[in-house]
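Remarks on the structure that follows.
Just so you know, residue 1 is the first one in the sequence shown, and it goes up from there.
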Amino acid sequence: MAEHMDPEEFRRAGYAVVDWIADYWRTLDQRPVTTQDPPGTVTAALPTAPPSRGEPVAAMLADLDEIIVPRVTHWQHPGFFGYFPANTSGPSVLADLVSSGLGSQGMLWATNPAGTELETVVLDWLVDLMDLPASFRSTGPGGGVIQDSASSATLVATLAALHRASRGRWREVGVDRRYRAYTSTHGHSSIEKAARIAGLGGQGVRTIEVDPESQAMRPAALRAAIAADLAAGEVPAIVVATIGTTSTTAVDPLPEIGAICAEYGVWLHVDAAYAGAAAICPELRWSHAGVEYADSYCFDPHKWLLTGFDCDAFWVADRSELIEALTVMPEFLRNAASESGAVIDYRDWQVPLGRRFRALKLWFVLRWYGVEGLRAHLRSGIALADGFATRVRADDRFALAAPHPFSLVTFRLRAGDEASAALLARVNDSGQVHLTHTRVDGRYTLRLAVGSPLTRPEHVDRAWDLLSAAATDILAGN
């Protein structure tokens, strides 16, 4: 019979792993952000079969250093400015360790009472902290739940919207009419994926044009699309508005969009995956004007709020619609607490049955940093991004592509797409920073997103110096 790791051996190995993580964080700035090794390098370095006998943790840590870490894209690196931040922190990692150690399954209140109640309380804290609608609190008609990602939140919202639009028929007979979803041309790709999974198909998604200045959805175009679909006998089911679009962090005009959804009885889901965290700062709550119209809303603490992936906070204004859409009760899950109606069973708020104890890491982060510590983190990133944008604006070789209300700056070389693409490749190949790109108004655009707690002014300065020097070489034909 195989030997198990006993508590004392785990203690020794655990100390070594914590030391390894601390050393990794301490030396990140000395590492290239991305690897230059070709595909297949890690595969070639690994044996073709697992060991027949167990190996010590020290051997695994040695291979981490030798094989794995040199080929990791270092998302926690102070020079990682790609995509959106997906940063963790010490308290989050420690909470994940506790969650793994407990190994609990929280699908029912009965299977983890403390996990369920902690999740409910922490999400109620966030409603108050972000000044979200009171209906989102567990003491009202709605409530919150932690999903793995905003993609899952959008899918769950789509399913609840179909349940409402079909007056309950969807639950039993499926998609028997041509239901439609609406989002801006900058809406996240997960919206189309949710529509496909839910049975609407890619053609069931109407992409609504954006204002060329703000890059935000045009309400008049939304109204026209809904009216046209109704005239064609189709059923508008859900509008997904975005606070902080992926390409430019544009903020869709929720007051106007919400009024249209209310008029037509269409479910409004607000995707604030990245920028929702901004509502923790009172001066940034302008971005959430109109959120009281939302039937559901989500944001990702695992993006800008120092909570390790995966952790999406998702709320509904009326939990009964969500539960009716998703509940399935096999005999083996029946229990007295659930039958009493006095508890929340979060399995009815998500697609999978099982669920990890994610609330612990959000609880640890909120307690360790405190409200003011989290606000300071957000404001620091915004200030660094604003300073970078000031440099871009002052250099006539560059142009800003869109407003930058949060900590993402989008910009391009005025010389055109080819030069901008070459610029991105040149600075990323340096290994010192990592940026990504998008297209805004059809033009190739670079994105610099600040968010790592390790990023300081000198790292943003380094990014600008690299970009400026590379632009000089490219424009000179070198």
Compute whether any side-chain donor of one residue and acceptor of the other, for [X] and [Y], lie under 3.5 angstrom apart.
X	Y	result
H186	S184	no
S100	R356	yes
T436	R447	yes
T246	Y274	no
N87	Q76	yes

Euclidean distance, [Y] [atom2] relative to [X] [atom1], rounded to 0.5 Å:
X	Y	atom1	atom2	result
S89	Y369	OG	OH	4.0 Å
E119	L360	CD	CG	10.0 Å
R358	H302	CZ	NE2	10.0 Å
K193	L155	NZ	CG	10.5 Å
H437	R412	NE2	CZ	12.5 Å
L28	H74	CG	NE2	6.5 Å

Are any of the side-chain heavy atoms of [X] and [Y] separated by less than 4.5 Å?
X	Y	result
E321	V316	no
D295	D318	no
C298	Q147	no
L162	L200	yes
S152	V351	no
L446	L467	yes
T154	H188	no
Y444	R439	yes

What heavy-atom pair brings [X] and [Y] nearest, and what distance separates the two atoms?
X	Y	value
L284	P405	CD2-O, 4.5 Å
I243	S287	CD1-O, 3.6 Å
D312	P301	CA-CD, 4.1 Å
A195	V205	CB-CG2, 3.4 Å
P70	L64	CD-O, 3.9 Å
A325	A160	CB-CA, 4.1 Å

*asked:* Any salt bridge linking E372 with R375? Criterion: basic side-chain nitrogen under 4.0 Å from a carboxylate oxygen.
replied: yes
*Does E458 pair with R462 as a salt bridge, N-O distance under 4.0 Å?*
no
_Run the side-chain contact (heavy atoms from CB on, under 4.5 Å) test on L374 and L366 for me, step by step, so that the C-alpha distance in whole Å, both residues' side-chain angles and the decisive distance to 0.1 Å come before the verdict._
CA-CA 8 Å; L374 293 172; L366 287 167; 3.7 Å; yes
Can a donor-acceptor pair be found, under 3.5 Å and without considering hydrogens, that links the side chain of [X] to the backbone of [Y]?
X	Y	answer
S104	L102	no
S99	A95	no
Q105	M107	no
S380	H377	no
T27	D23	yes
T245	A250	yes
T455	V450	no
R137	V127	no
D252	T242	yes
D300	K303	no

If you count heavy atoms of other groups shown closer than 6.0 angstrom to [atom1] of [X], is the number above 12?
X	atom1	answer
E66	CD	no
E213	CD	no
R367	CZ	no

*If the plane angle is over 60° it's perpendicular, under 30° parallel, otherwise tilted; pick one for W75 and Y83.*
parallel
*Parallel, tilted or perpendicular for F299 and W315, by the 30°/60° rule?*
parallel
*Could you walk me through whether W125 and L362 pass side-chain contact (heavy atoms from CB on, under 4.5 Å), step by step?*
CA-CA 11 Å; W125 282 2; L362 193 50; over 6 Å; no
_Stepwise side-chain contact (heavy atoms from CB on, under 4.5 Å) check, R347 with T111_ = CA-CA 11 Å; R347 69 184 183 92; T111 63; over 6 Å; no
_For the aromatic rings, using the six-membered ring if either is Trp, is the centroid distance between H288 and Y297 under 6.0 Å?_
yes
*After noting the C-alpha distance and the side-chain angles of E192 and R196, does the key distance pass the salt bridge (charged side-chain N to carboxylate O under 4.0 Å, His left out) rule?*
CA-CA 6 Å; E192 181 178 345; R196 290 182 183 179; 2.7 Å; yes
*asked:* Pair F84, L408 - check side-chain contact (heavy atoms from CB on, under 4.5 Å), show working.
replied: CA-CA 8 Å; F84 279 132; L408 170 74; 4.1 Å; yes
*asked:* So if I apply the side chain to side chain contact (heavy atoms under 4.5 Å, CB included) rule between T120 and each of L123, L118, D124, which one comes out positive?
replied: D124
